[in-house]
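Given the structure is predicted, the values throughout are model-derived calculations rather than measurements. Quick note on labels: first sequence line is chain A, next is B, and so on, each numbered from 1.
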Amino acid sequence: MIITIEYYLILSAFMFLVGVTGVLINRNAIVVFMSIELMLNSANLTLVTFSSFLGNSIGQLFVFFVMTVAAAEAAVGLAIIIAIFRNKLTVNIDEINILKW
Amino acid sequence: MNLEVFLFFVFGIIAAVTAVLMITRRNPVISALFLILNFAALAGLYITLNAQFIAVTQIIVYAGAIMILFLFVLMLLRPDNQKKLFELNPKTKIFAMIIAFVVFVQLVYMIFFAGPSANITQDVSKSVEAGTIESIGRELFTNYIVPFEAAGFLLLAATIGALVLAKKKFD
């Protein structure tokens with residue numbers, strides 16, 4: 001038995017869709033953020049898989065940039081959640097609807 | 001059964017199970033700890049893919065820095081109406097699962113239909129060479145120097161933005 005590229009791709013697809021389900025079924029804004037991190041990581045797994053199987057380091061370079069953007073996104077997003085919590089005392093995304101008409 | 005197959009299944013099963021546990025736990029702290037375990041399993045998968053630099057960065061940046069940030073924010077925020085966080089319309093849950101299942105079936109069909117393993121066979125020596133810090137750093141500081149500087153600027157902007165958003169307003 002040999003591990004082909006499909007095994008990694010299917011694991012990555014599974015993790016991505018678990019992340020999608022997590023975004024759809026959770027009401028806690030922080031858990032929604034964590035599901036988004038899970039989706040970013042599954043995309044990283046795909047990039048590293050192709051990079052490794054093709055013997056080309058550009059894919060791993062892009063993983064590096066994705067990690068940078070994820071760090072920036074987590075810092076700004078959590079700051080926004082803290083600011084919303086200070087005003088509305090909740091992290092329930094159903095109750096944060098001040099921009100909805 | 002060689003070592004690569006064994007390691008893939010061990011780390012892959014840990015990653016898949018912890019992902020599912022992460023989205024189904026009610027306590028967000030438990031979710032965050034399962035997500036850290038998931039990131040650690042992914043780092044193991046990166047090692048089996050010969051991507052040593054990315055594996056180390058995954059542990060340091062994701063499991064270290066980003067998840068500490070999440071746990072710190074979870075420590076700061078304690079919503080008093082936690083009951084309402086779990087009052088979910090059961091239709092929403094079923095709808096989410098149907099969506100995820102349909103897209104997963106589509107992706108699996110596409111992966112096997114395209115059959116990338118017929119065209120791509122792993123050349124281990126090239127793969128090891130691609131994962132070293134040397135080759136990634138060479139690309140980063142020659143062909144990709146502009147995105148690299150832009151990433152540094154993005155981190156600076158994010159730091160200032162997070163400070164401005166989260167600081168107390170004085171008026």
Side-chain angles (χ1 to χ4, degrees), chain A residues 1-11 13-15 17-22 24-28 30-31 33-35 37-38 41 44-45 48-49 51-58 60-61 63-65 67-72 74-76 78-83 85 89-92, chain B residues 4-5 8 12 15-16 19-20 22-23 28 31-32 35 39 42 45-46 49-51 54 57 61 65-66 69-70 73-74 77 79 81 84-85 88 92-93 96-97 100 103-104 107-108 111-112 116-117 120 122-123 126-127 130-131 135-136 139-140 144 147 151 154-155 158 161-162 165-166:
Chain A
M1 181 176 177
I2 187 164
I3 296 291
T4 55
I5 194 165
E6 280 96 346
Y7 288 86
Y8 288 102
L9 293 181
I10 285 172
L11 177 66
F14 178 76
M15 273 173 52
L17 288 156
V18 170
V20 171
T21 318
L24 289 174
I25 69 172
N26 275 303
R27 302 266 74 84
N28 188 336
I30 300 174
V31 181
F33 251 97
M34 288 197 276
S35 304
E37 296 291 334
L38 188 66
N41 266 281
N44 281 353
L45 181 60
V48 172
T49 305
S51 164
S52 168
F53 275 80
L54 291 168
N56 189 337
S57 55
I58 308 289
Q60 295 177 27
L61 206 69
V63 172
F64 180 78
F65 288 125
M67 280 181 183
T68 313
V69 174
V76 175
L78 290 172
I80 290 175
I81 290 175
I82 288 178
F85 185 78
L89 287 180
T90 181
V91 289
N92 188 343
Chain B
E4 196 201 351
V5 179
F8 174 80
V20 173
M22 192 274 279
I23 65 161
S31 296
L35 191 56
F39 289 165
L42 272 183
L45 283 176
Y46 293 158
L49 283 166
N50 306 314
I54 295 300
T57 326
V61 175
I66 295 182
L69 198 65
F70 272 96
V73 171
L74 280 174
L77 307 184
N81 50 356
K84 277 183 108 176
L85 284 177
L88 184 64
T92 315
K93 202 174 251 176
M97 279 168 184
V103 179
F104 182 66
L107 280 175
V108 168
I111 287 165
F112 281 108
S117 64
I120 301 170
Q122 192 173 21
D123 181 346
K126 277 173 89 178
S127 161
S135 67
I136 295 175
E139 285 292 335
L140 199 60
Y144 287 83
L154 174 74
L155 283 177
L165 279 170

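Using a 4.5 Å heavy-atom threshold, the side chains of Ile54(B) and Asn44(A) count as separate. Between Thr49(A) and Leu49(B) there is a side-chain heavy-atom pair separated by less than 4.5 Å. At least one side-chain heavy atom of Val91(A) sits under 4.5 Å from a side-chain heavy atom of Leu77(B). Two residues are said to be in side-chain contact when any heavy atoms from C-beta on lie closer than 4.5 Å; Pro28(B) and Ile30(A) fail this criterion. The shortest side-chain heavy-atom distance between Leu35(B) and Leu38(A) falls under the 4.5 Å cut-off.
The contact between Leu45(A) and chain B is made by backbone and side chain atoms together, counting heavy-atom distances below 4.5 Å. Residue contact with chain B, scored on non-hydrogen atoms closer than 4.5 Å, involves the backbone and the side chain of Asn41(A) alike.
Looking at every heavy atom in both residues, Met15(A) comes nearest to Ala15(B) through SD-CB, 4.1 Å. The two residues Gln60(A) and Gly131(B) have their closest heavy-atom pair at OE1-CA, 3.3 Å. Considering every non-hydrogen atom in both Ile25(A) and Ala96(B), the closest pair reads CG2-CB, 3.6 Å. Across all non-hydrogen atoms, the minimal contact from Gly55(A) to Ala130(B) is C-CB, 3.8 Å.
Taking the side-chain hydrogen bond (donor to acceptor under 3.5 Å, both in side chains) definition, one finds that Tyr46(B) meets it with nothing, sequence neighbours left out.
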_Check against side-chain contact (heavy atoms from CB on, under 4.5 Å), Phe14(A) and Val20(B)_ = CA-CA 10 Å; Phe14(A) 178 76; Val20(B) 173; 3.8 Å; yes

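Using cut-offs of 30° and 60° for the angle between ring planes, the Phe65(A) and Tyr144(B) rings count as tilted.
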